[in-house]
Every structure is written in structure tokens, then in C-alpha cells.
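The structure appears below as C-alpha cells.
Counting from 1, the numbers follow the sequence of the chain as shown.
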Amino acid sequence: MNNIPCDMAEVLAGQISGFHQYILSGGAPRMSYVSRNLCCMLGAEEDELLGGGYEAMVHPADREAYSAMLRLAAGEERTAAGEYRLVKKDGSVMHVRDTVTSRLTDGVMVMSSVLADITGIRKEIDDLHFLSETIPCGFLKYTCEKQPRITYINARMAEMLRLPAAHGGEDGELEYFLDNVYLMIPAEERRRFARYLDRVYAAGTPVAGEMSLLRCDGTRVHVFGWVTKSVNELGEAEFQSVCMDVTERHMARRAAETERYIKALAEVYDKIFEINLSAGTVKCLHCGDSATFKCVENMAVRLEDAKERWIMDSVVEDDCGRVREFFDDFCGGKSESASRPPQITYMARSGDGKVRRYGGIFIRGGGGLDFYCCRRMHDPAETEVLRHENDRLKENMKKLVMRFTDGIAAFEISSGGMVTPLYASDNVCAFFGFSRDEWFSLMAKATPLENFVAYSEAEYEDFEELLRNGEAEFTYFDYSSGIERRIRAVCSRREPEDDAPLYVMLYYAGPDRGAEEGLPEPRSVTIRTFGYFDVFVGDRPIAFRNKKSKELFALLVDRRGGYVTSEEAIGFLWEDEPVSTVTLSRYRKVALRLKNTLEEYGIADVVESVDGKRRIVAEKVRCDLYDYLSGKDEFAQLFKGSYLTNYSWAETTLGELTESRMKKS
């Protein structure tokens with residue numbers, strides 16, 4: 001029975017891909033019509049296919065699914081689709097998608113079928129699947145919803161996250177984990193991750209970086225990866241992420257940093273305790289000569305038990321309540337908003353049974369770990385001895401201090417790399433992370449350079465460069481004044497011999513010094529974006545007095561000459577605050593400060609302002625980003641993998657640069 005009208009047969013035979021018909025009533029399904037293009041697709045004759053040859057050409061592994069599709073269509077009028085393989089007459093295999101429509105005509109169920117050759121698509125999908133399962137990277141896809149659902153995860157990613165295997169349909173735990181991508185993001189990282197997804201979705205450009213992920217068993221894995229937006233086979237937007245497990249490298253780096261940090265703290269404090277608030281435990285890392293803590297050194301104990309036992313056993317009764325409240329405030333997060341680390345002094349019994357004065361401080365660490373450090377406070381008489389030993393030197397230094405209203409510091413470095421601090425005024429002392437009393441204690445002994453600078457505002461490598469080159473500049477944020485300051489350091493030997501001690505002097509190098517020295521001519525402007533952001537007029541860096549004005553200038557550079565509106569700038573400079581009269585007023589002050597700074601250096605023309613919108617005049621500056629994007633061979637090696645390290649919003653451009661470099665390589 002041929003149900004095809006004569007005037008349509010020619011159209012169906014030549015133009016509808018792989019068209020054929022079945023009679024499903026009256027026993028086993030039988031093919032009643034075959035189009036010419038189906039014969040061409042399979043390399044077979046019409047008589048061969050009508051005589052049961054088509055069913056024989058279905059791949060043996062797919063015949064059961066093919067028969068099930070026919071039975072489903074025979075049950076009632078419906079439209080359905082399925083995928084299976086056909087073995088052509090020449091032996092090659094073709095993947096097809098079969099769309100069938102069954103209709104009841106004159107009491108007979110007739111099924112029309114249209115084939116689409118998807119061999120190329122299936123091969124591409126299989127290749128991608130093979131890659132995703134064999135590359136040493138985790139790969140996952142997830143929706144662009146407010147609560148993104150994971151739609152695909154490869155074996156490596158499942159292994160990294162320690163996902164449980166599904167057993168007999170009992171996969172509720174696994175389904176719960178995959179139903180929301182935020183379940184694999186630590187709570188403290190979720191807000192930042194959500195902002196990254198918003199940027200990727202809005203800009204369509206990838207974001208790359210490092211972060212921690214939560215495994216199913218509650219442990220953490222540290223990964224490096226990137227997020228990009230793509231379109232799936234259904235035409236829907238989706239996020240895709242590729243991740244590499246860098247936990248071992250991260251832990252090794254953290255362990256080395258922590259060890260160096262603890263060694264530096266041990267030079268100043270008598271006892272150091274590691275506090276894990278999430279686990280509610282405390283561990284004694286350094287106890288000096290204390291027999292009380294020696295037996296539990298490096299053992300984790302319950303924080304509440306240790307706190308009460310220590311307070312009750314050592315702190316004098318009059319100070320117990322105050323010390324307990326100090327600990328409770330820190331553990332409850334009440335001291336997080338303080339600009340300085342929380343500190344306390346109290347009276348306690350020492351190991352010899354005598355009551356002495358002690359000082360304690362909480363220092364925020366990383367990775368959920370904090371430190372409580374305490375030390376015995378010197379009696380005024382002892383402190384006077386140290387002061388007296390350095391009186392002569394201090395008097396000489398104070399004469400120099402009078403020349404600099406914003407502070408000065410100095411120290412001596414022996415040929416063996418041991419540092420002996422000499423002098424520091426209060427407002428520079430904080431640069432090294434010491435109080436005045438701590439500095440006086442260090443003046444009585446030599447300290448390894450690595451330990452001395454471990455918790456300063458500059459990197460150890462920066463100090464090494466100072467010793468090599470004889471001078472350097474450091475930038476730090478002065479919390480007492482609320483502004484960013486520049487410290488200039490000069491290094492020289494006291495005697496010409498190579499093994500003579502080095503003498504290092506640091507002093508505040510404010511913009512007022514620049515006014516006296518004059519600006520370089522010509523006033524060429526050079527901008528460095530690869531790494532930390534800096535702007536130079538000639539060979540001299542601009543000392544931005546305000547961090548936000550510097551960040552605004554960096555944002556204009558990132559836009560590469562495009563205008564930035566006030567609302568856009570506020571969204572980047574104050575990510576967590578909406579546009580309002582308050583933030584608009586704050587932004588106008590920042591923009592004015594930027595304008596004043598550029599005018600002070602004689603380069604106000606590098607920024608153009610029109611109706612509240614601002615842009616960088618790219619033709620008037622020299623920028624490593626612009627040079628690199630020019631595509632010239634001489635600039636091809638400028639980008640080393642870091643970009644505007646100071647600012648999180650720069651990761652969008654970093655992703656573009658990283659992807660571009662990967663394509664070039």
C-alpha cells in the first residue's frame with residue numbers, strides 16, 4: 001500500500017532526505033515506499049530495501065532500539081525521533097537521526113520516516129567526549145540560570161570532586177550535588193564566583209584564575225581553570241569550565257609560606273597558636289620553653305577546652321573576664337571590622353610561678369587559619385636598657401628625621417644576611433609589621449633577612465633586588481592616615497670591603513619631593529599593565545595619592561580608548577554597592593583626584609572627559625597592552641600570563657589574553 005499521492009512522490013523521492021514509509025498494521029511492520037535519495041544514501045536498490053533489506057542494514061547493536069521505536073509508533077498516532085546506525089552496502093557506518101510520524105488512515109496505521117545524516121556531528125561529539133575523558137583536566141558544563149545546574153561532567157572532574165557513583169538508581173546524593181554548581185564552591189568564594197559568571201555572561205569573554213572547590217566528602221581541592229560561555233546543541237547558552245588540580249603545588253607553597261611566617265613570628269613572640277575556627281580547634285605551633293604547652297605542641301585540641309583551661313590556669317583572676325571576652329569577640333567575628341589586628345595586655349603566671357605582664361594579638365591567616373601570638377612584655381626598666389644602648393645612634397638618626405616629616409627607618413645587614421634594626425619612626429614602623437616595642441626588641445639581636453621581611457608590606461624578592469641594585473621603592477597602604485604611601489630605600493656599604501655590613505635607610509618619598517626635583521622632559525607617558533599596574537612619566541613612577549583614582553586610571557587603560565560612564569566605573573570600583581547619590585558623589589571625588597594628579601605631573605591631556613564619560617587617549621601614551629595587541633613580532637613576548645594583578649575585574653581581559661596566547665602557541 002503506497003499512501004503517497006502521485007503529485008508528491010517525485011518531491012519526496014528527490015528532496016526529502018531519506019524518506020520512506022511503513023505499514024504498521026496487520027502483523028510485522030513492512031516497508032511500503034522508499035525514496036530515491038534513501039537508496040543513494042545507502043548504496044542499495046529499491047527492491048533490496050523493500051524486501052526487508054533496510055532492517056538488515058540497521059547496525060546489530062542498534063536493532064533492538066530500532067524495533068522499539070517501531071513498536072512505539074504502532075501503538076498510537078504520534079511523532080517521535082531516535083538515533084541509530086546504518087551499515088551501508090559498501091560496509092561504512094552512517095549515524096542517522098530518524099524522525100517518524102504515525103497516522104491512522106482508513107483503519108491502517110501508516111508511519112512516515114525522514115532520515116538526517118548526523119555522522120559528522122556524532123564523530124565530533126565522540127572526539128570531544130574522548131578528549132574530555134582522557135585529558136588530565138576536569139571539564140564540566142552548566143546552565144546559565146541563577147542556580148546553575150551541571151549538565152555534563154567528565155571522569156577527571158568527577159574524580160577531582162570525589163563524586164559518589166550511582167548504584168541502581170540510588171543517586172540522590174549525586175543528583176543533589178549536581179543540581180547546583182554553587183555546592184562545589186566554598187561559602188567564602190561564592191560571591192566572587194557569582195560575579196565572575198555575571199561578567200562572563202555579559203561580556204562573552206572567558207575568566208581565568210585559581211580557587212578552591214569543595215569535594216563531596218567535605219575536603220577541598222585547589223584548581224587553576226577558566227570559565228567561558230558557549231552555546232549547546234539546542235542553541236541555549238551554557239557555561240563551560242576547564243580545571244587543573246594544583247592542590248599539591250598550592251599546599252607546598254602554603255606550607256613554605258606558613259613555615260617562613262611562623263619562624264618570623266617566633267622571633268618576636270614567646271608562644272604561637274594556630275586557630276581553625278571552622279573546625280573549632282587550636283594547635284600550639286611554638287611554645288618556647290613553656291613546659292605547660294610542650295606536651296601538646298602541634299596537637300589539635302578543642303578550642304573551647306583549651307581556652308578555658310589556659311585562662312583558668314594562667315591568667316590572673318582580675319583579667320580572666322576581659323581575656324575571655326577578647327577571645328569570644330574574635331571567634332564570633334566581632335573584631336573583623338577593625339582596621340588593626342585585635343590586641344590585649346593582661347597579667348598571667350609564667351612558668352616560674354611569677355605574675356608578669358603579657359601582650360597578645362590575633363593575626364588573620366589564609367585558608368581559614370588564624371594565629372594567636374603572645375609574649376611577655378618587658379618591664380619599663382628593661383626597655384630603658386635597650387633604649388640607652390641605642391641613644392647615641394638614635395640621636396644622630398633623629399637629626400635626619402627632622403628633614404623628613406613623614407618618617408624614616410634604618411637597619412644594618414651583615415655579610416651573612418642577618419638584620420639588626422637601628423631606628424624606625426612610628427609611621428614607617430608599620431611598614432614592617434612591627435610595633436615600636438617589638439622593634440626595640442629586635443634591636444637587641446640579629447634576625448635573618450627572610451624572617452625580618454616575612455610580614456612586611458613588600459615581597460622578599462623586592463628586598464633582594466634592593467641589595468643588588470642599591471636602591472628601590474615600595475608602595476604600601478598606611479592605615480593610620482588612610483592613604484597609599486611610597487617608601488624609598490637606599491642601600492650602601494659602610495666600608496669599601498666586599499664583606500662589610502650593608503647600611504639600609506628607608507624614608508617616605510611623597511609627591512612633594514617630586515615637585516622639588518622637577519618633572520622629566522619630555523613628558524612621555526609609559527603604562528605597565530602586565531603584572532602590577534604602574535604609570536611612568538619619563539622614568540619616574542606616578543605616586544597616586546588615592547588607590548581608587550589609580551584604579552580608575554587602570555580601568556580607562558583596560559577599555560583601550562573607549563568611553564567609560566560614571567555608572568560603569570562605579571560598578572567596577574565599588575562592586576558591591578549600587579549606583580546612588582552617595583556612590584556618584586564618591587566617584588566624582590575620585591575622578592577629580594585623578595585629574596589633579598595628572599595635572600600635577602603635566603599629563604592631564606592623556607584622559608579626555610565628555611559629559612561625565614572618560615577615556616584614555618591611547619595615542620598619547622605608550623602601553624605594553626596596546627603594543628602586544630598590535631600583533632607586531634617585536635612585542636609578541638610581552639605578555640607572560642599576568643595582567644593588572646592589582647584588580648579582580650581585570651580577569652576578563654586576562655582570559656582573553658590567555659586564550660589568544662594559547663591559540664598563537
Quiz prompt | Counterpart residues, side-chain contact (heavy atoms from CB on, under 4.5 Å), relative to R528 (two or more places apart) | solution = D534, F536, D624
Self-check item: Trace of the salt bridge (Lys or Arg N to Asp or Glu O under 4.0 Å) decision for R71 with E64
Solution: CA-CA 11 Å; R71 289 194 299 271; E64 184 176 345; over 6 Å; no
Practice problem: For the pair D245 and R156, evaluate side-chain contact (heavy atoms from CB on, under 4.5 Å) and give the outcome as yes or no after the intermediate values. | Solution: CA-CA 10 Å; D245 187 347; R156 176 57 181 152; 3.8 Å; yes
Practice problem: Would you indicate whether the side-chain heavy atoms of V557 and C623 approach each other to under 4.5 Å? | Solution: yes
Exercise. Would you tell me whether H95 and T119 have side-chain atoms, one donor and one acceptor, within less than 3.5 Å of each other?
Key: no
Exercise. Apply ring pair (Phe, Tyr, Trp, His ring centres under 6.0 Å) to Y647 and list each qualifying residue two or more places apart in sequence or on a separate chain.
Key: W649
Quiz prompt | Which residues share a salt bridge (charged side-chain N to carboxylate O under 4.0 Å, His left out) with E238, sequence neighbours left out | solution = none
Quiz prompt | All pairs passing salt bridge (charged side-chain N to carboxylate O under 4.0 Å, His left out) where residues 194-211 contributes a residue, at least two apart | solution = R195-E575, R195-D576, R199-E575, E210-R249, E210-R253
Quiz item: With sequence neighbours excluded, what pairs up with F193 under the side-chain contact (heavy atoms from CB on, under 4.5 Å) test?
Solution: Y142, V181, Y182, I185, L197, M211, V227
Quiz item: Does NZ or CZ of K229 come closer than 6.0 Å to the centre of the six-membered ring of F239, within 45° of the ring's axis?
Solution: no
Quiz item: For T205, which of L654, T652, T653, T228 qualifies under side-chain contact (heavy atoms from CB on, under 4.5 Å)?
Solution: T652
Quiz prompt | Member of L555, T645, D558, I527 meeting the side-chain contact (heavy atoms from CB on, under 4.5 Å) criterion with F533 | solution = I527
Quiz item: So, for F635 and Y628, is the gap between ring centers shorter than 6.0 Å?
Solution: no
Exercise. Kindly check if the number of other-residue, nucleotide or ligand heavy atoms within 6.0 Å of CD (Q637) is above 12?
Key: no
Quiz item: Any salt bridge between R149 and D179, counting N to O under 4.0 Å?
Solution: no
Self-check item: Test side-chain contact (heavy atoms from CB on, under 4.5 Å) applied to T658 and F639, Y643, W226, the passing residue
Solution: F639
Quiz item: Is K271 close to C373 at the side-chain level, that is, under 4.5 Å between some pair of heavy atoms?
Solution: no
Quiz item: Who pairs with A618 by side-chain contact (heavy atoms from CB on, under 4.5 Å), at least two apart in sequence or on another chain?
Solution: Y626
Practice problem: Could you please spell out the steps behind the side chain to side chain donor-acceptor pair (under 3.5 Å) verdict for H222 and S212? | Solution: CA-CA 4 Å; H222 201 79; S212 292; 3.0 Å; yes
Practice problem: For M184 and R215, run side-chain contact (heavy atoms from CB on, under 4.5 Å): C-alpha distance rounded to whole Å, both residues' side-chain angles, the deciding distance at 0.1 Å, then the answer. | Solution: CA-CA 6 Å; M184 68 175 64; R215 296 188 176 110; over 6 Å; no
Quiz item: Any chance CZ of R191 has more than 12 other-residue heavy atoms, nucleotides or ligands included, within less than 6.0 Å?
Solution: no
Exercise. Measure from the ring center of F327 to the ring center of Y372 and say whether it is less than 6.0 Å.
Key: yes
